[in-house]
**Q** 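One structure, as structure tokens, below. Some questions next.
One-based numbering along the sequence shown. The figures that follow rest on heavy atoms only: side chains count, while hydrogens, waters and symmetry mates do not. Every value quoted in this text rests on a predicted model; they were computed, and no experiment measured them.
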Amino acid sequence: MKDLLIKYLKPYWKQITLAVLLLVVQAISNLYLPNLNADIINNGVAKGDIEYITKTGGLMLLVTFLLAICAIMSSYLGSKTAMAFGRDVRRAIFHKVENFSQAELDKFGAPSLITRNTNDVQQVQMLVLMALNLMIMAPIMAIGGIIMALRQDAVLSYSIIIIVPIMAIIVWLLLQKATPLFRSIQVKIDRVNQVMREKLMGVRVIRAFVKNDFEAERFDKANRDLTATTLKVNRIMAFAIPSLTAIMNLSTVAIVWFGGHRIDSGAMPIGNLTAFITYIMQIMISILMAMGMFIMVPRAEASAERLSEVLNTEPTIKDPEKPALPSDIKGYLEFKNVSFHYPGAEEPVLSNISFVATPGETTAVIGSTGCGKSTLINLIPRFYDVTDGSILIDGIDIRDIPQHELRDKIGLVPQKAFLFSGTVADNLRYGNENATDDELWHALEVAQAKDFVMEMPGQLEAWIEQGGANVSGGQRQRLAIARALVKKPEIYVFDDSFSALDFKTDAKLRAALKDETKNSTVLIVAQRVSTIMDANRIIALNDNGTIAGIGTHDELMDTCPVYREIVYSQLSKEEIA
């Protein structure tokens with residue numbers, strides 16, 4: 001936690017220094033006021049000196065005004081610093097996650113990353129806010145209170161030796177029990193977030209399978225677990241306030257009783273007893289303030305560790321230190337003996353994959369479910385790095401190309417078409433922010449999406465909900481295809497992007513794509529044989545991720561049993577002929 005605080009509070013050291021100085025002045029003013037009050041009682045009231053009372057009372061008012069100004073300014077500076085710290089950490093987490101490969105995203109999981117960038121940041125932010133007020137004030141007030149109490153009456157100050165250790169022991173015991181629970185609370189918040197996110201994202205599936213009660217019970221279980229742990233912590237900490245308050249009140253009674261005897265014997269004036277009680281209360285309040293900080297520290301420390309875990313994770317996929325020079329070749333894609341296995345997996349998903357895709361040609365990949373087709377696609381924009389072999393684009397290993405340049409060459413239409421909340425135009429310009437309306441309409445026409453967009457209220461300015469929730473699956477896919485077309489990349493990658501289209505729309509779309517992509521390399525992953533029969537090159541994959549055969553449709557029908565089996569499972573003999 002220390003490293004996190006130092007790194008992200010360093011830019012605000014001037015604000016922090018000024019806030020600390022104001023808090024010191026505030027603490028000194030607080031300690032000075034009881035002493036002035038004692039002087040008024042001892043020297044003014046006892047002697048009936050109105051002039052002394054007026055003079056000292058005016059000084060007290062001045063000190064109180066200074067105290068108020070310092071309190072307001074220190075609170076403002078502390079709040080401003082804490083909020084800026086939270087903003088900077090959230091921004092750092094966001095940018096770090098942006099650079100994560102799919103492996104790091106899989107490791108942390110989306111629910112945990114969301115919790116870390118919201119709840120965890122808030123916990124540390126609150127600690128900073130409290131630290132810039134209570135953590136600085138508490139020790140000054142406690143130490144200053146002890147010194148000032150000793151000045152009022154040394155004998156009565158022996159009570160501090162008994163009171164303070166008792167309070168410290170109670171706080172220590174409570175924290176020993178509560179600290180492990182604070183750490184587990186953050187993990188359980190992750191779980192609640194995960195279940196809630198799954199519920200929202202899978203609401204249609206849940207309703208279709210009538211699993212509302214099951215999901216409600218699953219959420220209730222995670223919620224009850226979090227509630228039980230939180231209640232346990234709160235019960236432990238709830239014991240602190242009554243016990244410490246009881247000690248404060250009993251201590252006050254004892255001090256008044258012993259102080260009364262000392263006043264009666266003439267060993268101390270009554271004003272000193274009043275000031276002594278005030279200082280004792282300040283000491284005890286300081287301990288309560290410190291306890292409030294100590295309550296927050298374990299939870300904030302757990303959150304800081306989780307944040308540091310993200311910030312200190314180095315992405316496995318990095319830009320090259322010495323990027324390769326751009327090539328004159330455009331759109332040339334080659335796989336050279338590529339193998340890949342997921343982290344922790346025993347068997348590779350893909351093994352010894354080699355093929356070449358060139359501009360003006362369509363290369364298709366087909367195979368059974370789970371044979372590694374989508375994995376192969378994910379290797380091209382370096383969502384994952386190959387385990388063995390190499391992938392070349394324009395004759396250069398993709399690991400030698402900066403990631404933004406590499407991905408700028410590729411127009412990807414993912415298997416699950418995702419649209420962002422915004423207008424149709426906003427989503428299409430995600431590929432090219434400078435695209436004109438005419439270019440957008442042209443892309444929509446090629447993607448067979450023009451007709452339904454023209455029927456939408458506002459047309460290009462029609463609103464799209466997050467994830468494309470207000471359009472059908474086929475419309476979502478066509479908009480995603482149009483988005484890639486607007487980009488006009490060197491290489492088009494379609495990852496099973498035609499599955500939600502009817503055969504007629506599929507055929508029209510593929511015909512329109514031929515003219516649009518005639519100067520680009522096209523790579524298509526498909527389940528339907530009809531989608532890829534006309535491809536210049538078809539790659540059939542075995543179930544174990546190896547190549548069963550490469551060639552045209554006719555060539556594979558003659559030489560590749562795997563491809564032939566897929567074809568016969570989907571098409572009749574008349575359709576094949």
**Q** Which of parallel (below 30°), tilted (30 to 60°) and perpendicular (above 60°) describes Tyr492 and Phe494?
**A** parallel
**Q** Please lay out, stage by stage, how Arg399 and Val386 fare under the test side chain to side chain contact (heavy atoms under 4.5 Å, CB included).
**A** CA-CA 10 Å; Arg399 289 167 291 194; Val386 298; 3.6 Å; yes
**Q** Between NE2 of His341 and OG of Ser351, what distance do you get to the nearest 0.5 Å?
**A** 9.5 Å
**Q** Can you name the closest pair of heavy atoms from Val124 and Ser303 and give their distance?
**A** CG2-CB, 4.0 Å
**Q** When you measure from the side chain of Arg564 to the backbone of Met557, do you find a donor-acceptor pair of N or O atoms at a distance under 3.5 Å?
**A** yes
**Q** What pair of heavy atoms forms the shortest contact from Ile550 to Ser354, and how long is it?
**A** CD1-O, 3.6 Å
**Q** Any side-chain heavy atom of Val310 sitting closer than 4.5 Å to one from Phe100?
**A** yes
**Q** Any idea how Phe355 and Phe335 line up, ring-wise: parallel (<30°), tilted (30 to 60°), or perpendicular (>60°)?
**A** parallel
**Q** If you measure from the Lys or Arg side-chain nitrogens to the Asp or Glu carboxylate oxygens, is any gap between Glu309 and Arg306 under 4.0 Å?
**A** no
**Q** Is any side-chain heavy atom of Asp495 less than 4.5 Å from a side-chain heavy atom of Leu523?
**A** no
**Q** Okay, side chain of Gln459, backbone of Pro457: is any donor-acceptor separation there less than 3.5 Å?
**A** no
**Q** Leu406 vs Arg382, test: side chain to side chain contact (heavy atoms under 4.5 Å, CB included). Steps then yes/no.
**A** CA-CA 9 Å; Leu406 168 66; Arg382 288 191 76 193; 3.6 Å; yes
**Q** For the pair Asp451 and Leu444, evaluate side chain to side chain contact (heavy atoms under 4.5 Å, CB included) and give the outcome as yes or no after the intermediate values.
**A** CA-CA 8 Å; Asp451 291 344; Leu444 289 169; over 6 Å; no
**Q** Is any side-chain heavy atom of Leu129 less than 4.5 Å from a side-chain heavy atom of Ser79?
**A** yes
**Q** Asp88: what forms a side chain to side chain contact (heavy atoms under 4.5 Å, CB included) with it, not counting sequence neighbours?
**A** Tyr8, Tyr12, Arg91
**Q** For the pair Arg478 (side chain) and Ala449 (backbone), establish whether a donor and an acceptor sit closer than 3.5 Å, ignoring hydrogens and angles.
**A** no
**Q** Knowing that exactly one of Leu18, Thr17, Ile16 qualifies, which makes a side chain to side chain contact (heavy atoms under 4.5 Å, CB included) with Leu77?
**A** Leu18
**Q** Just wondering, more than 12 heavy atoms not from Tyr430 lying within 6.0 Å of its OH?
**A** no
**Q** Can you tell me how far the CG atom of Leu307 sits from the CD atom of Gln123, to the nearest 0.5 Å?
**A** 10.0 Å
**Q** Less than 3.5 Å apart, any donor N or O on the side chain of Thr546 or Asn544 sitting next to an acceptor on the other?
**A** yes
**Q** So which heavy atom on Thr313 is nearest to which on Lys96, and how close?
**A** O-CE, 2.9 Å
**Q** Specify the closest pair of heavy atoms between Ala548 and Asn542, including all atoms of both residues, with the distance to one decimal.
**A** CB-OD1, 3.2 Å
**Q** Taking atom CG of Asp225 and atom CZ of Arg191, what is their separation to the nearest 0.5 Å?
**A** 9.5 Å
**Q** Taking atom CG of Asp426 and atom CZ of Phe420, what is their separation to the nearest 0.5 Å?
**A** 11.5 Å
**Q** Do Ser520 side-chain atoms and Lys488 backbone N/O form a donor-acceptor pair below 3.5 Å?
**A** no
**Q** Are there more than 12 heavy atoms of other residues, nucleotides or ligands under 6.0 Å from atom CE of Met196?
**A** no
**Q** Donor-acceptor pair, distance only, cut-off 3.5 Å: does the side chain of Asn117 make one with the backbone of Leu113?
**A** no
**Q** Taking all atoms of both residues into account, what is the closest heavy-atom pair of Val195 and Ala222, and its distance?
**A** CG2-CB, 4.4 Å
**Q** Check whether more than 12 heavy atoms from other residues, nucleotides or ligands sit under 6.0 Å from atom CD of Glu565, and answer yes or no.
**A** no
**Q** Taking salt bridge (Lys or Arg N to Asp or Glu O under 4.0 Å) as the cut-off, I'd like each qualifying pair that reaches into residues 403-412, sequence neighbours left out, listed once.
**A** Asp394-Lys409, Lys409-Glu490
**Q** Should Glu455 and Lys450 be marked as a salt bridge (charged side-chain N to carboxylate O under 4.0 Å, His left out) after you check the CA-CA gap, both sets of side-chain angles, and the distance that decides it?
**A** CA-CA 9 Å; Glu455 293 174 2; Lys450 184 177 180 179; over 6 Å; no
**Q** Are Thr521 and Tyr332 close enough that some pair of their side-chain heavy atoms sits under 4.5 Å apart?
**A** no
**Q** Rounded to the nearest 0.5 Å, how far apart are CH2 of Trp441 and CD of Glu439?
**A** 14.5 Å
**Q** Hey, does the side chain of Asn312 reach the backbone of Ser308 with a donor-acceptor pair shorter than 3.5 angstrom?
**A** yes
**Q** Is any side-chain heavy atom of Gln448 closer than 4.5 Å to one of Ile481?
**A** no
**Q** Under 4.5 Å between any side-chain heavy atoms of Phe85 and Val89, yes or no?
**A** yes
**Q** I need the Ile114 CD1 to Asp120 CG distance, nearest 0.5 Å.
**A** 12.5 Å
**Q** Measure across Ile398 and Leu379 and return the closest heavy-atom pair with its distance rounded to 0.1 Å.
**A** CD1-O, 3.5 Å
**Q** Is there side-chain contact between Ile539 and Leu376, with heavy atoms separated by less than 4.5 Å?
**A** no
**Q** A side-chain contact here means heavy atoms from C-beta on lying under 4.5 Å apart; do Ile377 and Leu412 qualify?
**A** yes
**Q** Compile the donor-acceptor pairs under 3.5 Å between side chains in residues 357-366 and protein atoms, sequence neighbours left out, one pair per line.
**A**
residue	atom	partner	partner atom	Å
Thr358	OG1	Glu361	OE1	2.9
Glu361	OE1	Arg537	NH1	3.2
Glu361	OE1	Arg537	NH2	2.7
Thr363	OG1	Arg537	NH1	2.9

**Q** Going through the distances and angles, do Asn352 and Ile547 end up as a side chain to side chain contact (heavy atoms under 4.5 Å, CB included)?
**A** CA-CA 8 Å; Asn352 199 31; Ile547 292 179; over 6 Å; no
**Q** So, are Asp437 and Arg429 salt-bridged, with charged N and O less than 4.0 Å apart?
**A** yes
**Q** Tell me if the CE atom of Met456 is crowded by more than 12 foreign heavy atoms within 6.0 Å.
**A** yes
